[in-house]
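Atom set for the values below is all heavy atoms of this structure, side chains included, hydrogens, waters and symmetry mates excluded.
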Amino acid sequence: MSKQTYRICCFQRKFKLKEAEAPDEIKDLFERFSENGIMTAEHLCKFLKDVQGEENVTKEEAETVMESALKLVHEHLNIVFHRKGLNLEGFFRYLFSDLNVSISTDKKVHHDMTAPLSHYFIYTSHNTYLTGNQLNSDCSDVPIIKALQQGVRVIELDMWPNSSKDNVDILHGGTLTPPVELIQCLKSIKEHAFVASEYPVIITLEDHLTPDLQAKAAEMVTQVFGDILFTCGAECLSEFPSPESLKGRIIISTKPPKEYLESKKPSEKDDGSQKGKKSSEEKAWGAEISDLSQKMIAYSENKDNGECQDDEADSHHENPNIQQNIAPEYKHLIAIQAGKSKGPTSEWLTVDPIKVKRISLNEEKLINVALNHGKDLIRFTQRNLLRVYPKGMRVDSSNYNPLMGWMHGAQMVAFNMQGHGRPFWLMQGMFRANGGCGYVKKPELLLKTDANNEVHDPKRLLSVKTTLKVKVYMGKGWHLDFKRTHFDAYSPPDFYVKIGIAGVAADSTVKKTKAIEDNWIPIWNDEFEFPLTVPELALLRVEVHEYDMSEIDDFGGQTCIPVSELRTGIRAVPIYNEKGEKYPSVKLLMRFEFVI
């Protein structure tokens, strides 16, 4: 036990900094699964089965866990340990360790990867080459490398002629973003494409090139990628290949050049106006996810329900020199053809039985189509790819709620990887699933048709399938990762936890614990229940905040976990900063249980 001193004017306030101590429930469990104050491998095996829900664990596996736990305890010389087992302090340290985290860390892919690409959510980036905002930040291959290292599988490049019209640059057209050369981006993609995942990387291209530069771009793509470049040979694919069959391959997706020539002029732009003021918390971390369903309703009331215009709002900077004669070697590279979403929605949403395509919609057009053609959208995405991208007014590289896209089967919900905040945390959470490989199998709900060839109606309220019970015991590690006065200049922090579900509208909610005053190691012991109608799409959101009476509450960390990947029982939950980087020491101790 140590003391911390805080100064207020000429006075000093002293606070005791206690060592983390096991909550009473943990002490009771230790008594139940130990003998004479020692938990042996046999006791641990029973604990793993009865409490942690690991019904198939063997005694040998439990012995391996015990060896790792004993080694962990031994590394802390101030901890007394027994060679044959764990004492209470050792058991408590094990529960809080990386040996016992809430989601498996073995990085094993466990979804069926043999279905067509259209059956998966794919980790997708928007304007991947930008280092910051959408208006004047540098273009570089560095953010592309970082995205690939994080497991992103779809990279976007905007191709433009350079200033001398003799080479190809990557930049955000119509802005002040300094360019980077295409060849540099391609080489970096090849070098880093499969460091985080062996599954295919898709490059979506925005093409603003003349035919001679198309040919030059095709030559660069072919030379850099060589045999790992996937080309389909046929004019159009009749069905998308599977991620399994495309391991280690690079795929090019764009509209055939003629489509760019025919693209419409700039459509109506979002004027950026918003009804009402954002709260200070919303400005800092983004809108509360559970509030967004109401915003969608408001959107539908304030926008006309006219037909969609052409896709790719960012593509309106058309090059007037593009000609009808297309470089054949360039057209040959396009494995996933991007079609148009122009004209009556019912026409471009029609499923073609002999060929597949990719369509792009901005986030607002997605809401419009989803509200008026939700079932058609789900049917379309069973065979075809749908890419959703941020509206043009997000010049700060902020993001939007990805759930609207996922609920309707959109595979490529494209995010500004330069931003952060609540929507970005959801994206990171979703793609922690399936070993972090960047491909997550869509739930059967979005893939099946019934006996009458009907698809799921996203507006239909479903019955509760399961209830997730969560108990938040305590947290620790902030005093190791933060300065003494980071949260409060005059006293230790007053932490509380916001916990909720992001998923379909019926499941989405946010609750919070009480605030624990003046304590770096808060103990809450608060319990919550979350009824889930579509647990396959549910993400458990956890945020830690420090209560501040006079200003916006301070941020103390966050995580987001796919409910389908949660390990039941008492688990350590690693906590991340606002950029999604894991804190070295901060963890929560929580308990998870599913009740049918």
Is [X] reaching over with its side chain to a backbone N or O of [Y], donor-acceptor style, under 3.5 angstrom?
X	Y	answer
Ser508	Ala502	no
His111	Lys441	yes
Asn100	Ile570	yes
Ser564	Pro562	no
Thr467	Phe530	no
Glu578	Gly421	no
Asp507	Val534	yes
Asp494	Asp518	yes
Glu593	Leu468	no

Is any side-chain heavy atom of [X] less than 4.5 Å from a side-chain heavy atom of [Y]?
X	Y	value
Val395	Asn133	no
Thr131	Val142	no
Leu540	Ile501	yes
Leu366	Tyr400	no
Ile561	Arg432	no
Tyr576	Trp425	no
Phe380	His373	no
Glu206	Glu156	yes

Enumerate the residue pairs fulfilling salt bridge (charged side-chain N to carboxylate O under 4.0 Å, His left out) with a member in residues 128-153, sequence neighbours excluded, ordered by first and then second residue.
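Sorted result for residues 128-153: empty, none.
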What salt bridge (charged side-chain N to carboxylate O under 4.0 Å, His left out) pairs are there with at least one residue in residues 393-417, not counting sequence neighbours?
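As it turns out, the salt bridge (charged side-chain N to carboxylate O under 4.0 Å, His left out) pairs with a partner in residues 393-417, which skip direct neighbours, are Glu363-Arg394.
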Restricting to non-hydrogen atoms, name the atom on [X] and the atom on [Y] that form the minimum distance, rounded to 0.1 Å.
X	Y	result
Val152	Leu148	O-CD2, 3.6 Å
Leu539	Leu403	CD1-CD2, 4.5 Å
Cys139	Val180	O-CB, 3.6 Å
Met113	Val109	CG-CG1, 3.7 Å
Lys459	Ala370	CE-O, 4.4 Å
Gly475	Trp478	C-CZ3, 3.5 Å

For Ile144 and Leu157: C-alpha separation, side-chain torsions, deciding distance, then whether side-chain contact (heavy atoms from CB on, under 4.5 Å) applies.
CA-CA 10 Å; Ile144 295 173; Leu157 301 177; 3.8 Å; yes
[X] side, atom [atom1]; [Y] side, atom [atom2] - distance, nearest 0.5 Å:
X	Y	atom1	atom2	answer
Gln150	Gln428	CD	CD	6.5 Å
Asn368	Leu361	CG	CG	9.5 Å
Ile378	Lys448	CD1	NZ	11.5 Å
Leu588	Met474	CG	CE	9.5 Å
Leu135	Ser397	CG	OG	8.5 Å
Leu117	Tyr439	CG	OH	5.5 Å

Could you go through residues 510-517 and list every donor-acceptor pair under 3.5 Å that involves a side-chain atom there, pairing it with any protein atom two or more places apart or in another chain?
| unit_1 | atom_1 | unit_2 | atom_2 | d |
| --- | --- | --- | --- | --- |
| Lys511 | NZ | Glu529 | O | 2.8 |
| Thr513 | OG1 | Val497 | N | 2.9 |
| Thr513 | OG1 | Trp524 | NE1 | 3.4 |
| Lys514 | NZ | Trp524 | O | 2.7 |
| Lys514 | NZ | Asp526 | OD1 | 2.6 |

Listed partners of [X] passing side chain to side chain donor-acceptor pair (under 3.5 Å), at least two apart:
X	answer
Ser102	none
Glu546	none
Ser197	none
Arg591	Glu25

Taking only residues two or more places apart in sequence, or in another chain, which ones meet [X] in a ring-ring contact (aromatic ring centres under 6.0 Å, His included)?
X	result
Phe592	none
Phe528	none
Tyr123	Phe431
His110	none

Checking side-chain contact (heavy atoms from CB on, under 4.5 Å) for the pair Asn519/Phe495: CA distance, chi angles, key distance, verdict?
CA-CA 8 Å; Asn519 203 324; Phe495 287 127; over 6 Å; no
How far apart are the C-alpha atoms of Leu566 and Arg571, what are their side-chain angles, what is the distance that settles it, and do they pass the side-chain contact (heavy atoms from CB on, under 4.5 Å) test?
CA-CA 9 Å; Leu566 274 176; Arg571 302 292 178 180; over 6 Å; no
Is a side-chain donor-acceptor pair under 3.5 Å present for Tyr120 with Asn434?
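Judged by distance alone, the side chains do not pair up.
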Hey, mind stepping through His119 and Ser242 against side-chain contact (heavy atoms from CB on, under 4.5 Å) and telling me if it holds?
CA-CA 9 Å; His119 288 208; Ser242 70; over 6 Å; no
Report the relative orientation of the aromatic rings in Phe96 and Phe92; use parallel for angles under 30°, tilted for 30 to 60°, perpendicular for over 60°.
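Ring orientation of Phe96 relative to Phe92: perpendicular.
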Check this for me: Lys247, atom NZ, are more than 12 non-hydrogen atoms of other residues, nucleotides or ligands nearer than 6.0 Å?
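Yes.
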Return all side-chain donor-acceptor pairs below 3.5 angstrom for residues 405-418, not counting sequence neighbours, or 'none' if the list is empty.
| unit_1 | atom_1 | unit_2 | atom_2 | d |
| --- | --- | --- | --- | --- |
| His408 | ND1 | Met404 | O | 2.9 |
| Gln411 | OE1 | Leu386 | N | 2.8 |
| Gln411 | NE2 | Ser118 | O | 2.9 |
| Gln411 | NE2 | Thr381 | O | 2.9 |
| Gln411 | NE2 | Asn384 | O | 2.9 |
| Asn416 | OD1 | His126 | ND1 | 2.7 |
| Asn416 | OD1 | Gln134 | NE2 | 3.3 |
| Asn416 | ND2 | Ser398 | O | 2.9 |
| Gln418 | NE2 | Asn127 | O | 3.1 |
| Gln418 | NE2 | Leu130 | O | 3.0 |

